[in-house]
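All remarks here apply to the structure that follows.
Count residues from 1 along the sequence.
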Amino acid sequence: MSDEKQTLDMIEQITRNDGTKYYEMANIVMNGRAEKAAELGLIKEVRILKLNIPHSSAVGVYEDYVNQNYTVPPMNLTEWVEYKKPEGKVRDAFNEILRANRIISKEDKEE
């Protein structure tokens with residue numbers, strides 16, 4: 001599974017153990033891993049905010065970045081890896097996805 005190209009089609013809100021929250025793009029397999037991470041206490045909570053999001057060019061940019069830099073966590077999780085969103089093309093694409101799906105407003109940016 002870890003070498004398979006992942007298609008990202010949902011937006012989640014992850015609550016860290018310290019109570020802070022962030023957004024992430026995922027798919028059903030990755031969401032299952034996040035649910036498992038919550039059960040294990042590696043994160044506090046995961047919520048699906050949007051399902052079946054349109055596959056825009058911005059989604060393609062972020063999806064390529066995730067596939068090149070990360071693998072799907074194994075079922076036997078020992079840590080939760082939060083995907084970095086580097087400044088520039090990747091961060092801009094991610095923010096565009098959040099705005100297009102009405103997760104954040106035009107003025108907001110996910111940090």
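Side-chain atoms of Arg33 and Met75, non-hydrogen and from C-beta on, do get closer than 4.5 Å to each other. For the pair Gln13/Val46, no side-chain contact is recorded, criterion being any heavy-atom separation below 4.5 Å from C-beta on. Side-chain contact between Val66 and Met25: absent, with no pair of heavy atoms (C-beta onward) separated by less than 4.5 Å. Proximity of Lys84 to Tyr65: side-chain heavy atoms (C-beta onward) are separated by under 4.5 Å at one or more points.
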- What do the steps show when you test Thr20 against Asp18 for side-chain hydrogen bond (donor to acceptor under 3.5 Å, both in side chains), and what is the final call? CA-CA 6 Å; Thr20 60; Asp18 67 3; 2.6 Å; yes

- Item | salt bridge (Lys or Arg N to Asp or Glu O under 4.0 Å) assessment of Glu96 paired with Lys89 | CA-CA 10 Å; Glu96 183 178 324; Lys89 184 178 174 181; over 6 Å; no

- Item | Criterion side chain to side chain contact (heavy atoms under 4.5 Å, CB included) on Ile97 and Tyr23, from CA distance to verdict | CA-CA 11 Å; Ile97 294 161; Tyr23 301 113; over 6 Å; no

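Between the side chain of Arg99 and the main chain of Ser105, no donor-acceptor pair closer than 3.5 Å is present. Checked by atom type and distance alone, the side chain of Tyr70 never pairs as donor or acceptor with a backbone atom of Val81 at under 3.5 Å. Using modelled atom types, no side-chain atom of Asn27 and backbone atom of Leu8 make a donor-acceptor pair closer than 3.5 Å.
Cluster membership check: Ile103 shares its hydrophobic cluster with Val90, using side-chain heavy-atom separations under 4.5 Å among Ile, Leu, Val, Met, Phe, Trp and Tyr. Residues Met10 and Tyr83 share a single hydrophobic cluster, defined by chaining ILVMFWY side chains whose heavy atoms lie under 4.5 Å apart. A continuous path of Ile, Leu, Val, Met, Phe, Trp and Tyr side chains, each step under 4.5 Å between heavy atoms, connects Ile104 with Val59, placing both in one hydrophobic cluster.
The heavy-atom pair separating Val29 from Val72 by the smallest distance is CG1-CG1, 3.8 Å.
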List the atom pairs, with distances to 0.1 Å, where a side-chain N or O of residues 37-45 and a protein N or O form a donor-acceptor pair under 3.5 Å, not counting sequence neighbours.
none

Could you give the side-chain donor-acceptor pairs of residues 48-55 under 3.5 Å, partners two or more places apart or in another chain?
from: Lys50; atom 1: NZ; to: Asn101; atom 2: O; distance (Å): 3.4
from: His55; atom 1: NE2; to: Glu63; atom 2: OE1; distance (Å): 2.8
from: His55; atom 1: NE2; to: Glu63; atom 2: OE2; distance (Å): 3.2

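Salt-bridge formation is detected for the pair Lys85/Glu24: a Lys NZ or Arg NE/NH1/NH2 atom is positioned less than 4.0 Å from an Asp or Glu carboxylate oxygen.
With hydrogens and angles left out, the side-chain atoms of Asn67 and Gln6 include no donor and acceptor closer than 3.5 Å.
By the side-chain hydrogen bond (donor to acceptor under 3.5 Å, both in side chains) test, Glu82 is found to be paired with Arg16, residues two or more places apart in sequence or in another chain being considered.
Aromatic ring pairs are classed by plane angle as parallel below 30°, tilted from 30° to 60° and perpendicular above 60°; the pair Tyr62 and Phe94 is tilted.
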